[in-house]
J.: 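I have a structure here, written as structure tokens, and I will follow up with some questions on it.
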Amino acid sequence: MQFPPVEEQLALIRRGVEKIVPENELAEKLKQSRDSGKPLRVKYGIDPTGVDLHLGHTVPMRKMRQFQELGHQAVIIIGNYTALVGDPSGRDETRARLTAEQVEANAVDYLNQLSKVLDLDKAEVVRNGDWFSAMNFAEMLELCSKVTVAQLLTRDDFSQRFKEETAIYLHECLYPIMQAWDSVKIAADIELGGTEQLYSFMLARDLQRDQKMSCQIGVMSPILVGLDGIRRMGKSLGNYIGIGESAYEMMKKFMQVPDDCMKMYFELLTDLPLDQVDGLLAGHPKEAKTTLAKTIITEYHDAAHADEAAARWQREIGGGGLPADIPVATISRADLKEEAVPAAILLKLAGLCQSTGEARRSIKQGGAYIGEDKQRIEQDQTITPENGMMLWVGKKRFCRLEVSD
RNA sequence: GGGGGAAUUCCAGAGCGGCCAAAUGGGCCAGACUGUAAAUCUGGUGGCGAAGCCUUCGCAGGUUCGAAUCCUGCUUCCCCCA
């Protein structure tokens with residue numbers, strides 16, 4: 001196996017990486033691998049907890065793909081056993097636990113999604129249940145005896161929870177130990193993950209050293225911020241872009257990302273050369289953002305869909321024209337007490353508002369409109385519903401009426 | 001095993017007999033401003049074809065003219081001591 005020169009590899013690996021620990025050993029590992037023609041074993045573990053992967057997950061996954069492109073061996077660990085615990089990293093509370101059935105269903109689904117970013121044919125995929133389910137209690141005791149409580153409490157998240165007197169369960173303490181043991185079982189040279197994984201990564205080195213193995217190097221990506229530009233991208237925060245979303249959904253979300261985050265997104269989510277990125281960022285922000293969106297959307301769909309999504313966004317949202325597909329709301333004459341109904345009632349019947357109270361509020365605040373030309377609906381206005389009538393609440397909710405008898 | 005504390009509207013968190021559909025902050029929705037981005041500012045944020053009425057403060061009872069607030073039991077959670 002012929003690998004690119006070490007410096008070249010390092011340059012690619014360092015892109016968008018926050019921390020490499022220990023930094024100085026990486027070049028050495030790469031050199032040994034190049035000299036011997038033996039690929040490095042690069043570990044990335046994922047717990048099949050949720051269902052939908054989002055761009056935040058793809059940051060280490062993309063890093064893995066870069067390693068694959070350099071010729072190294074990807075080892076994907078499906079944490080079907082660690083998922084039963086729940087990763088406490090960066091959390092201020094205990095995670096909900098899953099059943100084995102849920103985990104297995106998620107695992108299959110995850111592999112499917114992973115294949116959008118990684119070349120799974122060239123990757124080793126293993127489940128950590130393979131070794132943990134076979135472990136007996138004595139072996140587990142042996143493993144636990146390698147770690148002290150004081151070590152565990154050096155972790156920020158645990159020590160903070162300890163101080164704040166929120167619960168820390170014993171099984172959570174096992175999580176980093178299990179994750180570290182995975183590294184031993186697969187003989188990892190490198191582990192990929194976010195910066196919050198530091199503790200587990202270091203523990204893996206300790207266990208590997210204890211087993212007289214070569215110690216892994218942690219390559220840690222920064223945490224991707226979500227659409228709000230402040231908090232980490234996460235499903236529970238609702239500020240994410242899922243990799244299974246449609247091109248247009250992605251487009252809409254990308255365009256509402258704060259400008260300040262673009263650089264991070266370019267660096268972590270695309271392969272565009274960084275000097276080219278700087279050039280884009282020096283130009284009009286909207287252009288840069290559109291390029292960003294199209295580049296990433298192309299990865300999950302294709303260039304044609306990306307262009308189409310961008311054009312549609314410009315037409316409907318950027319330009320203020322009529323949306324391309326307008327949902328149709330069917331209302332029945334039977335629901336109407338008379339021909340002309342109060343506007344609030346109509347908005348609720350059309351499904352634009354969840355309650356008449358909400359509809360009243362929207363109207364009162366000038367956020368409800370009628371007709372192709374978006375005439376503002378006045379308070380106390382009554383409307384005679386007609387087929388094809390356009391109704392709006394705010395900028396994003398709209399529909400065309402269909403009146404049935 | 002013993003002791004202490006807590007459960008409030010989407011979330012966090014006030015309220016501790018009537019002035020409570022319930023402070024404040026976050027989120028969310030709308031308006032203004034913009035590049036229909038973000039930030040900022042303003043308003044809103046249980047339901048009812050809206051007068052007034054109805055349902056909400058862990059669950060079930062009780063005391064009171066009146067209870068989110070007091071009492072009893074139950075459930076769940078947290079902390080401390082052993």
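Convention: sequence-line order gives letters A, B, ...; per-chain numbering from 1.
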J.: Round to a whole Å and report the spacing from CD of A:Q256 to C1' of B:C28.
T.: 13 Å
J.: Whole angstrom is fine here: how far is it from CD1 in A:I383 over to C1' in B:G49?
T.: 14 Å
J.: NA contact type, A:Y369, heavy-atom cut-off 4.0 Å: base, sugar-phosphate, or nothing?
T.: sugar-phosphate
J.: Measure from the side-chain N and O atoms of A:Q179 to the backbone N and O of A:S200, and report whether any donor-acceptor pair falls under 3.5 Å.
T.: no
J.: Does A:V393 or A:I345 map to a spot on RNA chain B nearer the 5' end, using the closest nucleotide for each?
T.: A:V393
J.: Can you tell me how far P in B:U55 sits from the matching atom in B:G61, rounded to whole Å?
T.: 15 Å
J.: Within less than 4.0 Å of OP1 or OP2 of B:A37, is there a side-chain N or O belonging to A:Y265?
T.: no
J.: Can you measure A:D260 atom CG to B:G35 atom C1' for me and round it to whole angstrom units?
T.: 15 Å
J.: Parallel, tilted or perpendicular, judged at 30° and 60°: which one describes the rings of A:F132 and A:Y81?
T.: parallel
J.: Contact class for A:L336 (heavy atom, under 4.0 Å): base, sugar-phosphate, or nothing?
T.: base
J.: Within this structure, what is the CD1-to-P distance between A:I331 and B:G49, rounded to whole angstrom?
T.: 14 Å
J.: Using ring centroids (six-membered ring only for Trp), state whether A:H72 and A:F3 fall under 6.0 Å.
T.: yes
J.: Are A:R361 and B:G47 close enough that a side-chain N or O sits under 4.0 Å from OP1 or OP2?
T.: yes
J.: Starting from P on B:C29, measure out to CZ on A:F398 and report it in whole angstrom.
T.: 15 Å
J.: Once you apply a heavy-atom cut-off of 4.0 Å, does A:D335 come out as touching a base, just sugar-phosphate, or nothing?
T.: base
J.: Any side-chain heavy atom of A:R400 sitting closer than 4.5 Å to one from A:E372?
T.: yes
J.: With heavy atoms under 4.0 Å as the rule, sort A:G394 into base, sugar-phosphate or nothing.
T.: sugar-phosphate
J.: Counting just side-chain N and O atoms, does A:K348 come under 4.0 Å of either OP1 or OP2 of B:C48?
T.: yes
J.: Measure from the side-chain heavy atoms of A:K286 and tell me the nearest of B:A30, B:G35, B:G49.
T.: B:G35
J.: Nearest whole angstrom, please: distance from the C1' of B:G47 to the CZ of A:R360.
T.: 12 Å
J.: Assign each of A:A340 and A:K374 to its nearest nucleotide of RNA chain B by heavy atoms, then name whichever residue's nucleotide is nearer the 5' end.
T.: A:K374
J.: For a quick test of reading the model: is some side-chain N or O of A:T356 closer than 4.0 Å to OP1 or OP2 of B:A50?
T.: no
J.: Could you state the CD-P distance from A:Q354 to B:G47, rounded to the nearest angstrom?
T.: 9 Å
J.: Check every strand shown and say whether A:R376 touches a base, only sugar-phosphate, or nothing at a heavy-atom separation below 4.0 Å.
T.: sugar-phosphate
J.: A:I230 CD1 to B:U40 C1': how many Å, rounded?
T.: 13 Å
J.: Answer yes when A:R205 and A:E191 have at least one side-chain N-carboxylate O distance shorter than 4.0 Å, and no when they do not.
T.: no
